[in-house]
Amino acid sequence: MEMDFSKIDRGKQEVSHLNSEAIQKKWQKKWEESKIFEVGESSKKKKFYVLDMFPYPSGAGLHIGHAFVFSLGDIFARFKRMQGFNVLYPIGYDSLGLPAENAAIKVGTHPAEYTKKSIANFMKQQKAMGWSYDWSRMVSTSDPKYYKWDQWIFLKMLEKGIAYRKKSAVNWCPKCQSVLANEQVIGGKCWRHEDCDVEIKHLEQWFFKITNYAERLLNGLENVDWPERAKLMQKNWIGKSHGTEILFEINGNKWPIFTTRPDTIFGVTFMVVSAQHPRLMELVTDKQKKDVEKFLKKLKSVSEKELADMEKEGVFTGSYAINPMTKEKVPVWAGNFVVADYGSGMVMAVPAHDQRDFEFAEKYEIPVKIVIQPDEHLAPERMTEAYTGDGKLVNSENFDGLHNEEAKEHISIYLKEKKLGKKVVNYKLRDWLISRQRYWGTPIPIIYCDKCGIVPVPEKDLPVELPKEVEFGKGNPLATNKKWMNAKCPKCGGNGRRETDTMDTFVNSSWYYLRYSDPKNDRKIFDTKKANYWAPIDQYIGGPEHITMHLIYLRFYTKFLKDLGLLKFEEPALRYFTQGIVHASDGEKMSKSKGNVIEPLDMINKYGADSLRLFLVSIASPDKDFNWDDKGIQGTFNFISKIYNYFENFESAKVSPKIESKLNKAIKEITDYVQDFKHNLAVIKIRSLFESFADGDVDKKSAEAFLKLLHIYCPFATEELWEKFGNKTFISLEKWPVADEKKINEKLEEQEKAIDSLVNDINNVLRIVGEKNKVSIYVIPKEKEIYEDAIEMIGKRTNLEVSIYSVNDKDKYDPEGKSKKAKLGKPAIYLE
RNA sequence: GCGGAUAUGCCGGAGUGGUCAAACGGGACAGACUCAAAAUCUGUUGGCUUAGUGCCUACAAAGGUUCGAAUCCUUUUAUCCGCACCA
């Protein structure tokens, strides 16, 4: 394609200082050398902790989503810093994790090497964006000095009975070659591989008893300022429900079941135990063994996703349960639709009043017994689906005639009196499975001794470091290093072997925010004074995808560490902001294969970091998804160019009440908007303030206030201009302007509106009557001044020669007597 | 299936009972500057219309509340997100 380079060059020249690397480099260097963003605990200022969720350092470097979310954090940190807080704004790297391991295998290097390079690359780009981190506090989770404390927490959890090992049905991702936590299974697929069905395996694994904290996790949500949807999602994830536990006798043993419908207990016609239930075989009679095994085998070959779509199926176990109310014997089935680790893994089935039970009963021809009768009379033979609504109890002995809601209460009380059951609360939340059969994670500090069994590695022997020499692709990599794996038992000194599983990557990120308070401490996890000074996080920022993963774990860890006595608070993040997702300009997800990826570095090179930052936060409300727009960033770039040119050639004028009014009003509005992350609106105010600057008389102080307002978005340009103004300080450390409400003059604003509407009127008429050269404006005498002040502007905006007359001026030029039409606030006009 | 969110002009996106044909940005168009510009400045950008702010049609669709609705309520439709056999 042919291009006219002379044109491009000239355009670029004019504004080249904006994207000039020189200025960006200059301030990066100055900030770094002067350590102005490094903070300590001795400050007299009030502390404020701003945190972005730390990134996983991928080899690809920063993507546009990073550029966006970290800019939000930086803007907020700069804002709070300027407002006079002692702001902790640290950064680190969540550098352990499967992607590093896989990427390293792919390119044939060691994960440690790969990670080191990636971090270096990230740092360079982060500095280019102008983010004001306290680099002295950087942490990296792959550093043994960091993960030592993961292991320490693990030991503490073991001590307190929170970490435990159990065999159960677990989720297995064949692509990760590892098990997954419940939170990491999304719609039956692996969270890392959306195309990969999760399989179910029965394995013995390490768990954290997060369910102990279910109630506190739920209640704590009331004390934090989070988006409603984030709270709701966590609430649903925890899934509290009230119900009744009822004991059924099977083969002489009591088996508890959980139900929210004790009112239907007289309608139980069978029981269903989960096919994944660990004690299933206890219920299976010899006669039924073959059938059950066949059924289980069939289930084994299907993934969790398929299981969810499958029809309800089951097989008779051969055992019978005794209904505690009726003493009736009902068959116990094993079924594919009962969740093994919710409640007790067994349910009472009431086909008349539960749709799932109904379908199952129909399939296997199990009787249906109606015990809730609504006004429109039900009969089993006419039913095509379960009746789940309200009604009066029937076929329920002494409880007949009760409304079913009442009956719930009565039956529960009756069961409790007879010691056959009790009211209980249940949660959907499952214990956190933390074992991973992969290399690049925190080693679990456990030794299996031939004699003593499970033995924790003593605290003094921490960290258990990852050995460098392992083989990948042959099962669990740690098991390939025999020298590392074989270890003496810390208890008896006998032969033992190390746990070869590592911990879930989410373990590392569950307490990192505390380590920032004391990142170099090698004697303790952190100094409790320091941690309690800085934490909790005052403003946390990160994507919505972490709501039911990271943010649950983070809250759990915080509560646990509080229980250890290390912390004085139990909510890690007081305020939380979720940013939207940046899509490609076509509205699609950015992906390499589609070729629609926007690289932050390219944008910095083309438009400068300031433009990129400002554009990202001003295109839409930052909590909403938006599409990238090349034209948009060009517009932002032009805007910054104008600002730059304006301030470079700035000459201070006398203080003007009009400018002061506008400035103070803008300060007030912008401050509120920034506080609420409404940067799109804040930027509009900045733009319109600049418009008024462009056609008004601006004094130096007002000009400087403007630069401060802009600084949080455009740190490089504003530092540079601040210096050009003759200041020796950093604008980064200047005070955020405070609005002087007394200087806000609403009357001036109204006058401006009056001028606007006059100009509109003139233009409106011009459009109708065609081109004219002159306009005569007739105003009410007391308004004359207002319009005379604006005479030049009116001329400019209408392209006419303007004369202004007072209506009572006897010598006014008014050939058609238009001046009679003049009203207060609405001058008359005559065009010719 | 359940739960949540959203729906505004050519586009992105403000606006939550009157001051709204609707901020701001982008685009488009016209004019100024210029040899020329994608730079800068000025204006126009739902329709009709008058030397003047009026009328009509509009804020997903249909109803409703109200003196008055983009804004409140109900239903419907579409899109997005979360959970998904939780008994």
Side-chain angles (χ1 to χ4, degrees), chain A residues 4 6-8 10-15 186-188 227-230 232-237 239-241 243 257-261 264 272 305 307-312 335-350 353-357 359-360 426-430 544-545 547-548 581 585 615 618-621 624-627 629-636 638-639 641-642 645 678 680-681 683-688 691 694-695 753 757-769 771-772 793 795-799 816 818 821 826-831:
Chain A
D4 188 345
S6 61
K7 287 177 186 175
I8 291 169
R10 285 191 64 178
K12 220 177 166 182
Q13 223 171 30
E14 232 173 288
V15 287
I186 295 166
E228 276 312 310
R229 90 166 161 145
L232 198 71
M233 274 170 73
Q234 287 213 348
K235 224 180 226 170
N236 293 340
W237 190 262
K240 182 178 183 173
S241 67
I257 62 96
F258 176 75
T259 182
T260 54
R261 295 295 306 270
T264 63
V272 189
K305 174 82 184 143
L307 197 66
D309 298 336
M310 250 170 96
E311 207 182 317
K312 285 156 197 49
N336 63 353
F337 67 96
V338 176
V339 178
D341 46 6
Y342 181 75
S344 59
M346 189 190 294
V347 296
M348 66 179 213
V350 185
H353 307 294
D354 182 282
Q355 186 56 26
R356 292 154 303 187
D357 299 347
E359 286 169 31
F360 196 86
N426 237 312
Y427 302 91
K428 280 199 233 178
L429 186 72
R430 309 290 152 77
E545 69 276 18
I547 292 168
T548 53
I581 299 162
S585 45
F615 172 66
S618 61
I619 183 166
S621 180
K624 286 194 177 159
D625 295 357
F626 63 91
N627 297 347
D629 180 357
D630 279 324
K631 296 240 173 71
I633 192 171
Q634 179 66 49
T636 303
N638 294 343
F639 173 60
S641 308
K642 277 187 242 174
N645 291 333
K678 292 181 178 165
N680 54 331
L681 302 181
V683 172
I684 285 168
K685 295 296 169 192
I686 288 181
R687 289 181 100 122
S688 78
E691 289 292 307
D695 31 68
K753 267 190 198 157
S757 93
L758 174 66
V759 169
N760 275 343
D761 285 347
I762 295 170
N763 284 321
N764 194 16
V765 178
L766 272 179
R767 225 168 348 130
I768 294 154
V769 299
E771 273 190 42
K772 300 282 175 184
M793 191 177 45
K796 203 171 170 193
R797 287 172 62 181
T798 54
N799 251 326
E816 288 187 17
K818 293 282 181 195
K821 285 193 165 186
K826 188 165 176 49
I829 53 181
Y830 173 65
L831 287 158

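The figures here come from the full heavy-atom set of this structure, side chains too, leaving out hydrogens, waters and symmetry mates.
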Whether A/Y342 and A/F258 hold their rings parallel, tilted or perpendicular, with breakpoints at 30° and 60°: perpendicular
Separation between the C1' atoms of B/A62 and B/C48, rounded to whole Å: 28 Å
Base-pairing string, 5' to 3', of RNA chain B - Watson-Crick or wobble, under 3.5 Å, | interstrand: ((((((((.[[[..)..(.....]]]((((((.......))))))(((.....)))...[[[[[..)....]]]]])))))))....
Length of the CD-C1' vector between A/Q634 and B/G26, whole Å: 11 Å
Interatomic distance at P, B/G82 relative to B/C10, whole Å: 32 Å
Proximity to the side chain of A/R687 - top-ranked nucleotide from B/A14, B/A87, B/G26: B/G26
A/K312 side-chain N/O to B/A87 phosphate OP1/OP2 under 4.0 Å: no
Atom-pair distance (CG on A/N680; P on B/G25), nearest Å: 13 Å
B/C41 OP1/OP2 closer than 4.0 Å to side-chain N/O of A/K642: yes
For A/D630, salt bridge (Lys or Arg N to Asp or Glu O under 4.0 Å) partners two or more places apart: none
Minimum-distance nucleotide (side-chain atoms of A/V347 versus B/A14, B/G27, B/A87): B/A87
A/K631, nearest nucleotide to its side chain (from B/U40, B/A14, B/G26): B/G26
Rounded distance (Å) that lies between atom P of B/G12 and atom CG of A/D629: 10 Å
Nearest-Å distance for atom pair CD/C1', residues A/E691 and B/C24: 11 Å
Distance in Å, A/F337 CZ paired with A/K312 NZ, rounded so as to fall on 0.5 Å steps: 7.0 Å
A/A620, nearest nucleotide to its side chain (from B/A87, B/G13, B/G82): B/G13
Sugar-phosphate only, base, or nothing, as touched by A/V338 at under 4.0 Å among non-hydrogen atoms: base
Among B/U40, B/C81, B/A87, the nucleotide that comes nearest once only the side chain of A/T260 is considered: B/A87
C1'-based separation of B/U57 from B/U65 [nearest Å]: 23 Å
P atoms of B/G1 and B/C73, separation to the nearest Å: 24 Å
Between C1' of B/C2 and NZ of A/K428, the distance in whole Å: 9 Å
Over all atoms of both residues, closest heavy-atom pair of A/M348 and A/T264: CE-OG1, 3.7 Å
Closest-nucleotide 5' rank along RNA chain B - winner of A/K678 and A/M346: A/K678
Euclidean distance for C1', B/U74 against B/C56 (whole angstrom): 29 Å
Distance below 4.0 Å between A/S618 side-chain N/O and B/C24 OP1 or OP2: no
Selected nucleotide, minimal atom distance to A/T548 side chain, candidates B/A23, B/C83, B/G12: B/C83
First of A/S688 and A/N236 reached from the 5' end of RNA chain B, by closest nucleotide: A/N236
Spacing of the C1' atoms in B/G54 and B/G4 (rounded, Å): 45 Å
Closest listed nucleotide, where the reference is the side chain of A/V339 and the choices are B/A14, B/A87, B/G82: B/A87
Nearest to side-chain heavy atoms of A/K624, which nucleotide of B/A87, B/U40, B/A14: B/A14
Euclidean distance, A/T259 OG1 relative to A/M346 CE, rounded to 0.5 Å: 13.5 Å
Per A/W237 side chain, nearest of listed nucleotides B/A84, B/G12, B/G3: B/A84
Protein-nucleotide distance (A/K235, atom NZ; B/A5, atom C1'), rounded to Å: 17 Å
Rounded distance in Å - CD1 (A/I633) to P (B/G27): 13 Å
P spacing across the pair B/A38 / B/G26, given as an integer number of angstrom: 15 Å
Sub-4.5 Å side-chain heavy-atom contact between A/I547 and A/W237: no
Sugar-phosphate only, base, or nothing, as touched by A/S621 at under 4.0 Å among non-hydrogen atoms: sugar-phosphate
Side chain of A/I684 (C-beta onward), nearest among B/A87, B/A23, B/C81: B/A23
B/A22 versus B/G47 - spacing of their P atoms, nearest Å: 13 Å
Length of the line joining A/R430:CZ and B/A84:C1', which is rounded to integer Å: 11 Å
